[in-house]
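Since the structure comes first, as C-alpha cells, the remarks are kept for the end.
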Amino acid sequence: MVARTELSALRDRYDLVIVGGGITGAGIFREAVRTQASVLLVEARDYASGTSSWSSKLVHGGLRYLKNGQWRLTLESVRERQRLLGEAPGLVEPQTFLMPIYAGRKPGRWLMQFGLRIYDWMAGARRSRWLDAQTTLEAEADLARRDLLGAMAYEDARTDDARLVLRLILDGCADGGVALNYVKASVRSDGQRVCGVRLSDAVSGSEREIDAGVVINATGAWAGALPGAPAGAPSLRPLRGSHLLFSPRRFGLRHAVSWLHPQDGRPVFAYPWEGAVLYGTTDLDHGETPDEPRITVQEVDYLLAGLAAQFPRLCLNAGDVISTYAGVRPVVGGGKADPSAESRESALWQTPGLVGITGGKLTTFRVTAREVLRAAARELPRLLPQDEQPLFASATPVDSQRRLYGRLGIAAAGTLMQEVPGEELSRIGDTPWTWAELRWAARHEQVVHLDDLLLRRSRLGLVVENGARALLPRVLAICREELGWDAARCDAEQARWLDRWQSQHAPPGWTA
C-alpha cells in the first residue's frame, strides 16, 4: 500500500539514493532499508520496465555456466535459487525440466547426468533422474520421436520477474524506504565527490535537488549514460534476448522442455508460464539503444526453426504466436566471439560518493545487493548490511491463496481480500490473475499508465491475445474509479497502450 510521493515531500538528504528500479536496484533497496538508514529509490520509467521485466522468468543455477567453467557463479546461483524457493513461495515456484536425449545428438545422456549430479550436489538434494523414451513421451507426447532415447529430468524454478521487483520495492517502502517511479535523476558533485542527485518528475513536472551520503548507479544497460555520473562504468556488451508466447490451447506443455537449437547448439526452452507457454531465447549483440528493444524477423525465424525440430507434430508457425518480447542484458564485454560465452557476473565500480553496479543475474540479486552495500559502507558505515534475514515475511496460506500471498505479501493480500468486492476475486479468463489484483494495483501500487497495469502489475498484455484488447473496457473502468481518469485520459491511455503493444509485442505480421 504505497502512494506516490511528490518530490516536495521528500527529505532534503538521504543516507542512500538508488538510481534504477530494476531487480538490482530493488534488491539493494530492500537490503538497505533493513540497515535503518534513510533510503530513496528513483526510476526514470516504471519499476522493472527495462531488462528486469523481459528476462526468461527463470530462477536457475545455469547449467551452461558449468560447461563454461563458471563454478562459483553456478554454486552461488543454485544456493540462491534454493533460498528463494523457500522464502518466496507463490512468487518463486519449482519448475520441472525435461532435456530429451537423442541417439547421435548432443548432449549425450552420460554428460548430462554428470552435469546434473554436480547441480544436485550444489543444491544439497538429488533432484535429477533419467526417464526412458516411453515415460518421456507420456510426459510430453508432442516431442520429436525419431531416435529418442529418453530424457533427463531436473528441477529449477520460475517467477514473474516484474512482480518480484515490485514485491521487493513495496516491502521496502512498507518498512520505511521511499521509492518513486517516473522520476529521472542526474548526479550532482561538489568538485571532489558525488554529493547527491537532481530529480525531475515526469508526472508532475516538478524538480528537486536531494543530498545523499552515497549514490548507487543501478541503471543496468544504461550504466554508462547516467547524467552527471563520473567515469568508471565498465564497457558493456548489450545482448538482446527475445521470446515468443503461445496459447496453451495451441502449444500445450505440462513441463518445461529444454533442448539445443539445431542451427547453433544454443540451449532453448519452452514452459508453461502465467497462463501461456513461454519460449526463448536468443542471445544477440544489440547495437541500438536499449530503450525500446523488439524482436526481429530473423529471431522469429530462428525460434520457430527450433520449435519445428523439437515439436514437429505441432507444425507451429508465426500465426500461432500471441505476443513477443525482447530485453537487453547488460553484459560486461569480455571479448568473446560467441555472445553466449560472455560471463554473466556482475561488475562493481566506485568513486567518491558513488557505487556503480551492472551485469549480474536475476537469481543472484540478493548477493549482488549485499556486495554493493558493503562497498557503500566504506563511505557510510551505517549502510553495512545486517545479518542475512529471510527475504520476505513467512506465511502459510491455504493453497488457493498461495499465489496471492507470494505476489503481494501477507499484509497486502489480507487487506485486498477485505477491501475488494468478493466477486472480483474471480480469475480473468484462462489467466491466473483476478480483477481484484488489478483494482488493488491501481489503488496502491503507483500505477501511472495503462501499460504499468497490463505489462508489470499484471502480464495480461502478454498472455491474452491481441494485447488484452477485449478486456480494456473493464480495465479502464477500474482506472476511472481508482485513478480518477476521465474519458479523454482513458482514450489517450488506450491509444498509447495499443501503439506500444503493436510496436513491441505484437506477433510477426499482425495487423489490427
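Hydrogens, waters and symmetry mates are skipped; everything else that's a heavy atom, side chains included, is used.
- Residues meeting the salt bridge (Lys or Arg N to Asp or Glu O under 4.0 Å) test with Glu288, sequence neighbours left out: none.
- Remark: Tyr154 pairs with Phe97 by the ring pair (Phe, Tyr, Trp, His ring centres under 6.0 Å) rule, at least two apart or across chains.
- Counting non-hydrogen atoms of neighbouring residues, nucleotides and ligands closer than 6.0 angstrom, the CZ atom of Arg370 exceeds 12 such neighbours.
- Checked against side chain to side chain contact (heavy atoms under 4.5 Å, CB included), Leu111 has no partners two or more places apart in sequence or in another chain.
- At a threshold of 4.0 Å, the pair Glu274-Lys57 does not count as salt-bridged, since none of the basic side-chain nitrogens sits closer than that to a carboxylate oxygen.
- For the side chain to side chain contact (heavy atoms under 4.5 Å, CB included) test, residues two or more places apart in sequence or in another chain that qualify with Glu155 are Pro94, Thr96, Arg127, Arg129.
- Sorted by first and then second residue, the ring pair (Phe, Tyr, Trp, His ring centres under 6.0 Å) pairs with a member in residues 204-225 form an empty list; sequence neighbours excluded.
- Applying the ring pair (Phe, Tyr, Trp, His ring centres under 6.0 Å) test to His255 and every residue at least two apart in sequence or in another chain returns nothing.
- Salt-bridge formation is detected for the pair Asp12/Arg208: a Lys NZ or Arg NE/NH1/NH2 atom is positioned less than 4.0 Å from an Asp or Glu carboxylate oxygen.
- With salt bridges taken as basic N to acidic carboxylate O contacts below 4.0 Å, one links Glu87 and Arg366.
- Using modelled atom types, one side-chain atom of Thr363 and one backbone atom of His60 make a donor-acceptor pair closer than 3.5 Å.
- Counted by atom type alone, Thr159 and Asp161 present zero donor-acceptor pairs between their side chains at under 3.5 Å.
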**Request:** Go through Glu209 and Arg198 one step at a time and tell me if the salt bridge (charged side-chain N to carboxylate O under 4.0 Å, His left out) criterion holds.
**Result:** CA-CA 4 Å; Glu209 290 191 352; Arg198 182 175 294 103; 2.7 Å; yes
Can you list, pair by pair, the side-chain donor-acceptor contacts under 3.5 Å of residues 189-196, counting residues two or more places apart and other chains?
from: Asp190; atom 1: OD1; to: Gln192; atom 2: N; distance (Å): 2.9
from: Asp190; atom 1: OD1; to: Arg193; atom 2: N; distance (Å): 2.9
from: Arg193; atom 1: NH2; to: Glu379; atom 2: OE1; distance (Å): 2.5

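- Across Arg30 and Gly172, no two heavy atoms sit closer than the pair CD-N, 3.8 Å.
- Remark: of the listed residues Met99, Met152, Gln113, Met99 is the sole one forming a side-chain contact (heavy atoms from CB on, under 4.5 Å) with Pro107.
- Ion pairing of Asp160 with Arg158 is absent here, as no side-chain N (NZ or NE/NH1/NH2) approaches a carboxylate O to less than 4.0 Å.
- Take Thr431 and apply the side chain to side chain contact (heavy atoms under 4.5 Å, CB included) test, not counting sequence neighbours, and it matches Ile428, Trp433, Leu460, Val463, Val464.
- Asp283 pairs in a salt bridge (Lys or Arg N to Asp or Glu O under 4.0 Å) with only one of the listed residues (Arg240, Arg237, Arg329), which is Arg329.
- Residues forming a side chain to side chain contact (heavy atoms under 4.5 Å, CB included) with Thr289 (at least two apart in sequence, or on another chain): Asp291.
- Looking at Ser56 and His243, their side chains do bring a donor and an acceptor atom within 3.5 Å of each other.
- The pair Glu445-Arg163 meets the salt-bridge criterion, with a side-chain N (NZ, NE, NH1 or NH2) lying under 4.0 Å from an Asp/Glu carboxylate O.
- Taking OH from Tyr271 and CG from Leu98, the interatomic distance works out to 15.0 Å, rounded to the nearest 0.5 Å.
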**Request:** List the steps and the verdict of salt bridge (charged side-chain N to carboxylate O under 4.0 Å, His left out) for Asp175 and Arg34.
**Result:** CA-CA 8 Å; Asp175 285 347; Arg34 285 175 161 164; 5.4 Å; no
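- Under a 4.0 Å N-O distance rule, the pair Asp46/Arg457 qualifies as a salt bridge.
- The list of ring pair (Phe, Tyr, Trp, His ring centres under 6.0 Å) pairs with a residue in residues 172-198, not counting sequence neighbours, reads Tyr182-His449.
- With sequence neighbours excluded, the residues satisfying salt bridge (Lys or Arg N to Asp or Glu O under 4.0 Å) with Glu437 are Arg403, Arg407.
- A salt bridge does not link Glu76 with Lys361: every distance from a Lys NZ or Arg NE/NH1/NH2 to an Asp or Glu carboxylate oxygen is 4.0 Å or more.
- Considering only residues two or more places apart in sequence or on other chains, Trp259 meets the ring pair (Phe, Tyr, Trp, His ring centres under 6.0 Å) condition with Tyr279, Phe311.
- Using a 4.5 Å cut-off on side-chain heavy atoms (C-beta onward), Arg4 and Leu180 make contact.
- Ion pairing between Arg72 and Glu345 holds under the 4.0 Å rule for side-chain N and carboxylate O.
- Residues Phe269 and Thr281 have side chains in contact (heavy-atom distance under 4.5 Å, counting atoms from C-beta outward).
- A side-chain contact (heavy atoms from CB on, under 4.5 Å) with Val19 holds for exactly one of Asn217, Leu354, Val215; it is Val215.
- Both tests hold for Arg167 against Phe392: distance to the six-membered ring centre under 6.0 Å, angle to the ring axis within 45°.
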